[in-house]
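Here is how names work: the chains are called A, B, and so on, in the same order as the sequence lines, proteins then strands, and each is numbered from 1.
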2 protein chains.
Amino acid sequence: MAQRAPAAPLRGDDLTAKARIRNAALDLFAEHGVDATPLRAVATAAGVTVGLIVHHYGTKETLREAVELAIVERFADTIRSVPIDGAAGGDVVAGRDHAVADMLAASPAVVDYLRRAILDRSGERGDLVSRLSELSAQQVNELRDAGLVSARHTVGEQVVTIMVRQLGRLFLQPLVDRIADEFADELDGTAAPQLVVTVSR
Amino acid sequence: MAQRAPAAPLRGDDLTAKARIRNAALDLFAEHGVDATPLRAVATAAGVTVGLIVHHYGTKETLREAVELAIVERFADTIRSVPIDGAAGGDVVAGRDHAVADMLAASPAVVDYLRRAILDRSGERGDLVSRLSELSAQQVNELRDAGLVSARHTVGEQVVTIMVRQLGRLFLQPLVDRIADEFADELDGTAAPQLVVTVSR
DNA sequence: TTGGATGCTGTACAAATGTATAGGAATGGC
DNA sequence: GCCATTCCTATACATTTGTACAGCATCCAA
């Protein structure tokens, strides 16, 4: 690899087999969980054979790491898409908030994968949640330096608030939908109940 | 089986091997997930051999169902422990709410199992969430008939509220704790942030 | 053109795991 | 005491799954 693949799209039509494998893995890992996803299923979905997965990623664990790295990248790209010197004027904080929310809404697989990651792999250092927390913290610090966000609370508190507000609702919504479904006949006309998640100290 | 085991305790010291297997399965399923828990691990934890699990439960799936049934039973028992003709006077609704909260706080395995069940097995009929919803609905109807609870909202809405308030907080708390942990140094003196989950229409 | 690197396939294999089964030990009714 | 039933162990087996590897195809630089 020379310098960096020239603006390689994370999703698209004419991807390298390596990228297709990573994308297929994200989808399947998100839907069924990592353990319940045989590499052969990933291979089939990506239109390749198991051997190629091993060739590119070595082990399933490495593939999982690549998937998680891609997720972190997607968050980072989304945040970067709303630059701090907002020519678009107005509230950078709200803008980034919306951008991330839109990204998550458009990528159910990311949400599903995250939900599982928080479940199964909590406690291990250097994992996905750690990296996302770090990303959030960076962002908070950046905004603080620019004076765009108050320093009344600690960075930690602000990170918790951001992540839980964003992710919490998405994680619990399946439960709500599930129950609402059981009583579909009653709730028929009305919209499904929505969740509000807040953090208190 | 004659009529019903005479007040067989769900937890205790001198349990039958069958019960020990079920309890060990709950603990391990909760901690690692059903798929990631070999029957041999359950056997070891219960102090028996794999063969006996097969003898008593036939398949892993049946064992899982027994575990879920035991969970539903525990909810039902907890609710029953606060009878509707409350000699203890006062608010039956609040009393049951507290009883369930206490039970969940005392049984982390139940919470963990539920968290996984909602994640992994959402969408299947006749599963745990359905049964718990049903149990809640029964309770709501019972309290309605006794005039202890308003009929302003639909039963469905009330069930969603009950279950999400109770379970939502518990499900999300690991995420909060996890992130709070990353910033442990900052948040040191202060208590970990707490969640509030509400449902809006 | 040639040679080496890279992408890719098909097959093979060992470990893990759910399930089946043969048989021994314990237990309770007669 | 004896028999049937239940409880329980040990072993075996088929399947699944991660990984290894040998070899063919493709491509690019020299």
Separation of atom NZ in B/Lys60 from atom C1' in C/dA20, rounded to whole Å: 17 Å
A/Leu39 side chain, from C-beta outward: closest of C/dT19, D/dC7, D/dG18: D/dG18
Selection from D/dG18, C/dT9, D/dA10 that lies nearest to any side-chain heavy atom of A/Pro38: D/dG18
Spacing of A/His32 atom NE2 relative to D/dT17 atom C1', expressed in whole Å: 16 Å
Short N-O contact, B/Asp77 and B/Arg80, less than 4.0 angstrom: yes
Touch class at under 4.0 angstrom, heavy-atom based, for B/Thr62 against every strand present: nothing
Interatomic distance, B/Gln158 atom CD to B/Ser150 atom OG [nearest 0.5 angstrom]: 5.5 Å
Among D/dA10, D/dT19, C/dT9, the one nearest A/Val54 by side-chain distance: D/dT19
Side chain of A/His55 - closest among D/dA10, C/dT19, C/dG7: C/dG7
4.5 Å side-chain heavy-atom contact, A/Phe183 and B/Val160: no
Spacing between A/Leu52 atom CG and C/dT6 atom P, to the nearest angstrom: 14 Å
Spacing between A/Phe29 atom CZ and D/dT17 atom C1', to the nearest angstrom: 13 Å
Between C/dT17 (P) and A/Asp35 (CG): distance, integer Å: 10 Å
Between B/Tyr57 and B/Glu65, a side-chain donor and acceptor under 3.5 Å: no
side-chain contact (heavy atoms from CB on, under 4.5 Å) evaluation trace for B/Arg96 with B/Leu143: CA-CA 11 Å; B/Arg96 291 186 165 182; B/Leu143 292 174; 4.2 Å; yes
Touch class at under 4.0 angstrom, heavy-atom based, for A/Val48 against every strand present: sugar-phosphate
Among C/dG7, D/dC8, C/dT19, the nucleotide that comes nearest once only the side chain of A/His56 is considered: C/dG7
Candidates C/dA12, C/dC8, D/dC8 - which lies nearest the side chain of A/Arg40: C/dA12
Atom-pair distance (CD1 on B/Ile21; C1' on D/dC7), nearest Å: 10 Å
